[in-house]
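Here is the structure we will look at.
Computed from heavy atoms alone, side chains included, the values below leave out hydrogens, waters and symmetry copies.
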Amino acid sequence: MDQRQVVSENYANPITCFFHVLFKAGALAFYILFSLFVKSFVIIFVITVLLAALDFWVVKNVSGRILVGLRWWNEIDDEGNSVWKFECLDGESLARMNKKDSWLFWWTLYLTAAAWIVLGIFSLIRLEADYLLVVGVCLSLSIANIVGFTKCNKDAKKNIQTFAQNALASRVTSSLQSAFGII
């Protein structure tokens, strides 16, 4: 068996993947289990939102960088306008990113939001506005990461395409200059 084949089948960053999933699963599991067995809304709210906030921070600042090579943040400029800022690895580094890590990152990002939507629907059906508040906060944090990383990914693809086009144009220009003796 080829050693490179075995390496490509595994996660490149298993610890980061573990924590990427841990806080998502923790928030969902805590909310579901404790809302079934414990009737203390305050405890459910505080711990669920705390786990969701930890998930938001881990995804935005750690797993996004390591698993997919992307980072985003939002700033307010001097005129009071909201400005999205994006960072990504260069094209070569992005091409070397582990596909399993990337797959896990994106799927868990979207599935977590879908799970919070389903839990929100259940809260609406049961007419529990207070639990809908918990779901709303957790869903907002999840959607913020989805929007940020989706915009960042689109920006990264655009930058890579522009870089590739500029590199190709530069090579063609230098080849033509060399061929015709133009310096």
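Linking Ile, Leu, Val, Met, Phe, Trp and Tyr whenever their side-chain heavy atoms come within less than 4.5 Å leaves I76 and V83 in two separate clusters. L124 and I143 fall into different hydrophobic clusters, defined by Ile, Leu, Val, Met, Phe, Trp and Tyr side-chain heavy atoms under 4.5 Å apart, directly or through other members. Cluster membership check: L33 shares its hydrophobic cluster with L119, using side-chain heavy-atom separations under 4.5 Å among Ile, Leu, Val, Met, Phe, Trp and Tyr. Hydrophobic clustering of Ile, Leu, Val, Met, Phe, Trp and Tyr side chains at less than 4.5 Å, counting indirect connections, keeps L132 apart from L127. Under the 4.5 Å side-chain contact rule for hydrophobic residues, V58 and W73 do not share a cluster.
Between the OG atom in S35 and the CD atom in E128 there is a gap of 7.5 Å [rounded to 0.5 Å]. Going from atom CG of L67 over to atom OG of S102 covers 8.5 Å, rounded to the nearest 0.5 Å. Atoms CD1 and OG, from I117 and S142 in turn, are 8.5 Å apart once rounded to the nearest 0.5 Å. The distance from atom CG of L51 to atom NZ of K24, rounded to the nearest 0.5 Å, is 12.0 Å. Summarising the geometry, atom CG belonging to L50 is positioned 11.0 Å from atom CZ belonging to F45; distances are rounded to the nearest 0.5 Å. A distance of 5.0 Å separates CG of N145 from CZ of F56, quoted to the nearest 0.5 Å.
Side-chain contact check for S63 versus F19: every heavy-atom pair is 4.5 Å or farther apart. Contact annotation: the side chain of V134 never approaches that of D130 to less than 4.5 Å [non-hydrogen atoms, C-beta and beyond].
The two residues F30 and I43 come nearest to each other via the heavy atoms CE2-O, 4.0 Å. Contact between F149 and V59 at its shortest, heavy atoms only, is CZ-O, 3.4 Å. Residue A52 comes nearest to A27 through the heavy atom pair N-CB, 4.0 Å, listed as atom of the first residue, atom of the second, then distance. Closest approach of R65 and R71 over heavy atoms only: NH2-NE, 2.6 Å. Taking both residues in full, the closest heavy atoms of L139 and A113 are given as CD1-O, 3.5 Å, listed atom of the first, atom of the second, then distance. Minimum heavy-atom separation, D55 to H20: OD1-O, 3.8 Å.
Between the side chain of T112 and the main chain of L109, no donor-acceptor pair closer than 3.5 Å is present. Without hydrogens or angle criteria, T48 side chain to I44 main chain gives a donor-acceptor distance under 3.5 Å.
In this structure, Y31 has its ring center under 6.0 Å from that of W116.
Within 6.0 Å of atom CG in L111, more than 12 heavy atoms from other residues, nucleotides or ligands are found, so the atom counts as buried in its surroundings. In this structure, F41 places its CZ atom where more than 12 heavy-atom neighbours from other residues, nucleotides or ligands lie under 6.0 Å away.
Below 30°, between 30° and 60°, or above 60°: for Y110 and W106 the angle between ring planes is below 30°, a parallel geometry.
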